[in-house]
Amino acid sequence: MNPAPSNSPEAVIFDIQRFSIHDGPGIRTTLFFKGCSLNCAWCQNPESISGMPEMTFYAERCIACGACANACAEGAVSMDSGRRIIWEKCTACGACARECPAEALRLVGATYSVKKLVRESLRDREFYEASGGGVSLSGGEPVLHSRFLASFLPELKTHGIHVLLETAGNYPFTLLNPLLPFIDYIYFDYKLPDDAAYRVHTGKGNQRILDVLGALVDQAASLTVRIPVVPGINTGFHQIKMMAHTLRAYGISSVSLLKYNPLWEAKIPRLNTRQNALGINMNAVDAVDYENVINQYSQYHIKASLPS
Ligand code: SF4
Ligand code: SF4
């Protein structure tokens with residue numbers, strides 16, 4: 001598992017998006033937790049996989065001034081490398097980014113205490129109240145921060161904030177179960193036809209994920225299953241049939257399809273990641289016949305839809 005600070009009283013957050021309208025009802029603040037127990041080949045946020053803050057390099061901005069190399073006490077900057085950072089040596093102290101005149105270096109991820117993240121979450125409270133919105137927990141995998149959330153979520157509840165969790169379900173249910181009284185709605189991402197496909201494309205099998213989904217269904221949790229559509233990986237006739245049968249077996253009769261976005265591949269050169277580009281270009285994305293995908297799911301008694 002990638003390092004994720006589940007025992008930490010602080011959480012590493014890599015982004016806070018305000019006025020979000022795609023992560024649940026109304027106007028929301030989406031908190032992106034760093035650290036994930038899956039390694040999806042198409043991860044839209046590859047900077048979320050490691051649980052620790054990390055330095056990123058934007059080569060197109062660099063003017064090769066050398067200020068970063070002078071600032072680094074660890075010898076973790078190489079002016080000879082096109083990627084600039086020697087990640088094995090880097091401690092993510094941020095000194096190089098502070099000296100960079102071109103904003104070519106950025107530290108991704110910052111630690112937040114419960115108090116600080118509650119303060120951030122309440123800033124747009126009047127917009128939540130006016131729109132029926134709230135706070136969404138995204139990532140990465142927020143549930144890996146269960147100990148932090150056990151303190152954070154009750155604070156939001158005392159302020160009457162609607163909370164939505166986006167999760168991929170790859171953890172023991174015991175991490176999520178105590179948090180459920182403080183979560184109003186769940187987006188549960190189910191991605192691939194079977195255990196073998198999960199192992200190939202995410203690095204982990206699907207049994208634990210299905211166990212969590214089954215436990216949520218048993219508890220009648222309010223949830224929507226979402227399927228990130230990945231052209232050629234889960235869009236074939238046989239793949240859809242298997243996914244539909246699995247979801248039906250867990251009592252799921254409707255799913256929300258997420259359209260694939262290939263823009264994440266531009267992030268790869270900036271990061272210390274083992275991810276490779278999938279090479280799914282816009283032509284392949286445009287070629288996905290969503291009406292056909294929806295019709296195929298309906299053949300297996302699953303009502304599939306795209307978010308409006
Ligand atoms: S973040 Fe710190 S250790 Fe890493 S390259 Fe920059 S100055 Fe060096
Ligand atoms: S300080 Fe910034 S602009 Fe200068 S060499 Fe380093 S990354 Fe490039």
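Just so you know, these numbers come straight off a predicted model, no measurement behind them. Every number for a ligand or one of its atoms is a count from 1 in the order of the listing.
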Is it the side chain (CB and beyond), the backbone, both or neither of [X] that lies under 4.0 Å from ligand 2, heavy atoms counted?
X     : answer
Met79 : side chain
Ala64 : backbone
Ile63 : both

>> Please check if the number of heavy atoms outside Glu126 that lie under 6.0 Å from its CD is greater than 12.
In response: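 Yes - once you tally the heavy atoms of other residues, nucleotides and ligands closer than 6.0 Å, there are more than 12.
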Shortest protein heavy-atom distance from [atom], along with the residue and atom involved:
atom                    : value
atom 4 (Fe) of ligand 2 : Cys65 SG, 2.3 Å
atom 2 (Fe) of ligand 2 : Cys100 SG, 2.3 Å
atom 1 (S) of ligand 2  : Cys68 N, 3.3 Å
atom 8 (Fe) of ligand 2 : Cys62 SG, 2.3 Å

>> I'd like to know if the side chain of Asp184 and the backbone of Val163 have a donor-acceptor N/O pair within less than 3.5 Å.
In response: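 Such a contact is found between Asp184 side chain and Val163 backbone.
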> For Ala150, does its backbone N or O pair with a side-chain atom of His145 as donor and acceptor, under 3.5 Å?
Replying inline: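 Checking the backbone N and O of Ala150 against the side chain of His145, no donor-acceptor pair under 3.5 Å is found.
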>> Regarding Cys72, does it place an N, O or S atom less than 2.8 Å from atom 8 (Fe) of ligand 1?
In response: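 Coordinating: yes.
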> Is the ring centre of Tyr198 less than 6.0 Å from the ring centre of Tyr190?
Replying inline: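 Tyr198 vs Tyr190: aromatic centres under 6.0 Å.
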> Just heavy atoms, cut-off under 4.0 Å: does Ala73 contact ligand 1 by side chain, backbone, both, or neither?
Replying inline: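 Neither part.
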> Under 4.0 Å from ligand 1, counting heavy atoms only, is it the side chain of Val77, its backbone, both or neither?
Replying inline: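 Just the side chain.
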>> Under 4.0 Å from a heavy atom of Thr91: which atoms of ligand 1 are those, numbered in the order shown and with their elements?
In response: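 Listed by number with element: 3 (S), 4 (Fe).
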> Near Ala92, which atoms of ligand 1 are under 4.0 Å from a heavy atom of that residue?
Replying inline: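 Near Ala92, meaning under 4.0 Å from one of its heavy atoms, ligand 1 has 1 (S), 4 (Fe).
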> Can Arg125 and Glu129 be counted as an ion pair, charged N to O under 4.0 angstrom?
Replying inline: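 Counted as a salt bridge, because a side-chain N and a carboxylate O are separated by less than 4.0 Å.
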> Can Phe152 be reached from Ile16 by stepping across I, L, V, M, F, W or Y side chains whose heavy atoms are under 4.5 Å apart?
Replying inline: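 Yes, Ile16 and Phe152 fall within the same hydrophobic cluster.
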